[in-house]
Amino acid sequence: MNKEYFPQEIEKKWQKVWEENNTFHTPNDSDKPKYYALSMFPYPSGKLHMGHVRNYTITDVIARFKKAQGYNVLHPMGWDSFGLPAENAAMKHGADPAKWTDENIAYMTKQLKMLGLSYDWEREVATCKPEYYKWTQWLFLQLYKKGLAYKKEAAVNWCDECGTVLANEQVIDGKCWRCDSVVEKKYLSQWFLKITDYADRLLQDLDKLEGWGDNVKTMQANWIGKSHGAILKFKVVEKDLEIPVYTTRPDTVHGITYLVVAPEYKDIEALTTDENRQAVEDYRANARKLTEIERLSTDRVKTGVPLGTHAINPFTGEQFPLWTADYALVEYGTGAVMAVPTHDERDFDFAKKYNLPMKVVIENPENPSNCEDAAYTEPGVLVNSGQFNGMKNEDAKKAITQYAVDNGFGEFKTQFRLRDWLVSRQRYWGAPIPVVYCDKCGIQPVPEDQLPVLLPTDVDFSVVGKSPITTSKAFKDTVCPVCGGHAVRETDTMDTFVCSSWYYLRYADAKNSEKCFDKDLADKWLPVDQYVGGIEHAILHLLYSRFFTKALHDLGLVGFDEPFKNLLTQGMVLKDGSKMSKSKGNTVDPDEIFENYGADTARLFILSDSPPARDFDWSDAGVEGCYKFLNRVWRMISTNQDKITLDYVIPETRSKVNDDLIRMAHISIKGITNDIANDFQFNTVISKYRELANYISDWTNKAQWTDEDKNVFSFAVITLIKLMSPVAVHMCEEIWTELGAKTSIHEEKWCEWDENLAKSSSITLVVQINGKVRDKIEVDEGLDQEELKKIALESPKARESINGKTIVKVIVVPKKLVNIVIK
RNA sequence: GCUCCAGUGGCGGAAUCGGUAGACGCGUCGGACUUAAAAUCCGAUUGGGCGAAUAACUCAGUGCCAGUUCAAGUCUGGCCUGGAGCACCA
């Protein structure tokens with residue numbers, strides 16, 4: 001065995017061996033229980049960054065640990081390979097998006113292999129390949145047939161920079177999630193997936209996801225945004241019209257003093273009088289010009305104009321004016337709001353500005369407010385509310401809604417904030433939406449036997465203001481599958497998030513050319529036991545995938561309805577306290593780390609300094625420290641190689657120092673195994689590697705190298721490299737074979753500990769006086785409470801503190817401490 | 001504004017159940033080896049007080065203020081700070 005550690009040689013050698021031996025192939029049929037470990041698959045942007053390294057290392061260690069524990073582990077990798085960057089590269093450099101993508105995949109695959117990740121490459125998928133997107137299209141058609149995919153004209157988010165529409169989830173603070181430019185509203189006819197049909201289940205089933213963090217679950221719950229309330233209908237005085245409003249505060253209905261409809265409200269023109277028409281038209285035109293950001297800003301002063309008409313409050317018979325104001329949103333509820341300025345802050349602001357009347361209907365009996373300075377929004381009792389006076393407002397919500405139901409002008413209503421998922425994109429590099437428009441028959445799905453609808457290659461990427469796909473001569477014109485007449489293809493492609501909403505299913509049966517996947521195989525492998533990825537997908541990808549799984553479940557394609565049993569959201573990789581980014585120039589190139597230190601050092605370091613869920617601050621000194629540690633382990637073993645045997649026998653009777661070394665090894669096995677089991681605390685796992693290695697190293701300085709010493713040392717060293725093998729994958733394999741093993745260390749079973757050996761024979765008894773530590777005494781482990789008490793009371797230091805004072809009581813915690821309470 | 005998460009040395013972070021706060025590492029300082037450097041190895045490292053620089057002793061200390069308890073980093077209540085998400089959602 002080489003005296004020095006040369007990671008570059010070792011790593012290359014073993015990567016080749018593992019590939020040739022197909023070491024990490026996962027069979028579908030196995031007697032072992034299954035375990036599915038999955039990292040969020042990457043977009044092939046060109047090169048791995050440290051965030052990838054962290055993500056894939058975490059999942060890889062989990063996969064290897066589970067494999068060693070006796071599971072048949074599925075650990076696949078693939079590519080989320082449709083998307084705008086490939087198209088942008090094509091526009092800028094004239095590259096072919098497919099070629100650009102393939103080159104990136106090739107380079108990044110090489111990097112993944114250099115990291116020593118245990119993937120079953122036979123299951124690799126790439127969403128941009130026809131053999132994959134054929135099935136994305138097929139699934140779209142299944143959703144279409146079920147009414148879950150539909151086309152409608154709607155106000156949608158348009159990003160001019162990207163030249164396409166975006167889903168609500170892709171608009172962050174009014175800006176495009178990808179390019180950060182301001183998003184505009186446009187009225188366009190677009191394809192949607194009916195995720196709102198699943199709003200309730202998506203919300204309720206969050207409770208089933210015990211293996212997900214609360215942060216992600218509450219983010220999803222907030223996004224879905226369920227609220228309970230009522231629809232109340234108000235008759236218009238001047239016209240034969242009715243305005244329904246959604247409210248969560250039916251208890252305040254007697255306090256309505258006006259009503260607001262959104263500028264885009266469907267009946268707004270009919271509700272406007274001739275005298276007010278000009279002002280209303282002006283207001284609406286102005287509202288259209290505002291960007292989403294301006295309109296949604298909470299700091300903005302509320303504005304509005306009266307329509308000139310009135311409605312009747314069916315509870316009181318009172319008439320109140322109708323207004324339009326852009327603080328009412330057309331997309332939410334009914335697009336109309338009943339305004340109760342006394343008990344709603346927004347209505348209050350608006351009423352103050354336009355001098356609208358106010359009427360108090362909820363009061364705190366102990367501290368009544370006239371609501372002149374602020375709205376009263378706390379719980380209270382109803383006043384000025386006729387037959388409902390004196391009721392608690394929470395009870396009145398129900399009673400008043402029931403009254404409206406009984407009298408035919410209201411209903412109970414549950415409302416969600418979630419909107420349908422806009423999936424069409426006016427871009428080239430995506431899966432074509434498989435429908436055609438027939439001159440006679442309208443929208444027609446492409447027959448399944450004609451899938452995939454292939455992306456055309458005769459396109460001009462230099463066009464501005466429209467999708468390159470529309471420049472293809474071959475693509476657009478086609479025949480109608482129903483009447484055989486002329487039809488044109490849909491030129492929009494699908495949001496890449498559609499492609500990534502089912503890839504984890506395809507891994508179960510990646511090469512199937514007959515079906516998107518075999519149901520039995522999907523049911524065998526899914527749900528994913530451990531999913532690992534960034535928090536940035538808390539809503540986007542994770543919500544869409546949950547929706548897809550539920551929809552596919554209802555279509556009978558899978559037998560489960562949640563895709564990811566456990567979710568680990570890893571923190572970001574920072575440098576100097578901020579996120580690594582090219583623009584800041586604080587990136588670290590993984591290639592350089594592999595070259596200078598090797599993959600094992602990179603893997604060890606990326607796990608060592610922070611728990612996986614927390615942000616990780618990269619430090620060059622930290623890398624250096626990990627490299628030194630691996631060198632130290634290597635040297636300790638290489639210089640003592642002649643004393644190590646794989647067939648060690650631990651003698652029955654042994655010296656105290658050897659006994660302690662064995663104990664330390666068992667304590668390490670127990671601690672490391674528990675740390676991994678307990679939320680994958682790899683940072684403490686690694687500190688325990690160091691403790692064990694340091695301990696063994698100290699031991700060698702004292703060793704006499706008797707036969708007993710050699711056997712005990714062998715046990716300790718082999719335990720150490722087995723425990724380290726999921727992390728330092730190449731080094732441990734090299735040491736293992738250098739010690740004479742004929743099989744891979746990655747086929748070895750995980751170490752087990754003996755509970756009796758994992759605890760020490762003596763304990764440190766802590767003696768406290770009034771809760772403060774006064775003494776520490778080494779005592780025998782077997783002593784009972786009375787004996788411990790006696791020892792503590794006899795401690796000279798304790799006696800000094802007691803010094804004639806009265807002992808009130810003595811608390812004994814077995815095997816730990818004695819607390820003497822004195823006065 | 002609402003929701004969630006976090007706050008521990010110079011730094012990253014440890015601390016099953018409430019029971020020795022600061023594991024392990026980084027950095028720093030000191031020492032050994034060396035002609036010298038690198039590498040390596042050994043030691044110190046929460047702060048204050050009293051010491052002479054050691055040892056011993058002692059007080060304080062886990063964002064702040066209360067509370068529960070024999071005992072609080074850990075539990076309860078109220079705040080403060082930072083991060084993330086949502087946000088004119090009626």
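Here is the naming used below: chain letters follow the sequence lines, and residue numbers restart at 1 for every chain. This is a predicted model, so every value here is computed, not measured.
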Asks: Could you work out which one of B:A90, B:C41, B:G12 sits closest to the side chain of A:Ser610?
Replies: B:G12
Asks: So for A:Lys809 and B:C70, does any side-chain atom that can act as donor or acceptor lie under 3.5 Å from a complementary atom in the base?
Replies: no
Asks: Choosing from B:C5, B:C88, B:G85, which nucleotide comes nearest the side chain of A:Asp214?
Replies: B:C5
Asks: Under 4.0 Å: is that the gap between some side-chain N or O of A:Arg417 and OP1 or OP2 of B:U3?
Replies: no
Asks: Show each protein N/O and nucleotides 46-51 of chain B N/O combination with a separation under 3.5 Å, one pair to a line.
Replies:
none

Asks: What contact category does A:Lys772 fall into here, base, sugar-phosphate, or nothing, at under 4.0 angstrom with non-hydrogen atoms?
Replies: sugar-phosphate
Asks: Using a 4.0 Å cut-off on protein heavy atoms (strictly under), produce a 5'-to-3' string for nucleotides 16-29 of chain B with B for base contact, S for backbone-only sugar-phosphate contact, and - for none.
Replies: -B-BBS-BSSSS--
Asks: Enumerate, atom names and distances included, each donor-acceptor pair closer than 3.5 Å involving a side-chain atom of residues 337-345 of chain A, sequence neighbours excluded.
Replies:
residue	atom	partner	partner atom	Å
A:Thr342	OG1	A:Lys359	O	2.9
A:His343	ND1	A:Tyr376	O	2.8
A:His343	NE2	A:Val361	N	3.1
A:His343	NE2	A:Ile362	N	3.1
A:Asp344	OD1	A:Arg346	N	2.9
A:Asp344	OD1	A:Arg346	NE	3.2
A:Asp344	OD1	A:Asp347	N	3.0
A:Asp344	OD2	A:Arg346	NH2	2.6

Asks: Answer yes or no: is there a side-chain heavy-atom contact under 4.5 Å between A:Thr303 and A:Tyr283?
Replies: yes
Asks: Expected output is a numbered-order residue list: members of residues 244-256 of chain A with a heavy atom under 4.0 Å from any atom of RNA chain B. What is it?
Replies: A:Tyr246, A:Thr247, A:Thr248, A:Arg249
Asks: Using a 4.0 Å heavy-atom cut-off, does A:Arg419 contact any base of the nucleic acid, only the sugar-phosphate backbone, or nothing at all?
Replies: base
Asks: All N/O contacts under 3.5 Å from nucleotides 31-33 of chain B to the protein, with atom names and distances to one decimal?
Replies:
none

Asks: Name all pairs fulfilling the side-chain hydrogen bond (donor to acceptor under 3.5 Å, both in side chains) condition that reach into residues 603-615 of chain A, sequence neighbours left out, sorted by first residue then second.
Replies: A:Asp60-A:Arg603
Asks: Just call it for A:Ser608: base, sugar-phosphate, or nothing, with non-hydrogen atoms closer than 4.0 Å on any strand.
Replies: nothing
Asks: Pull up the glycosidic torsion of B:G51 and say syn or anti, syn being anything within 90° of 0.
Replies: syn
Asks: Using the glycosidic torsion, which applies to B:G9: syn (within 90° of 0) or anti (everything else)?
Replies: syn
Asks: With heavy atoms under 4.0 Å as the rule, sort A:Gln220 into base, sugar-phosphate or nothing.
Replies: nothing
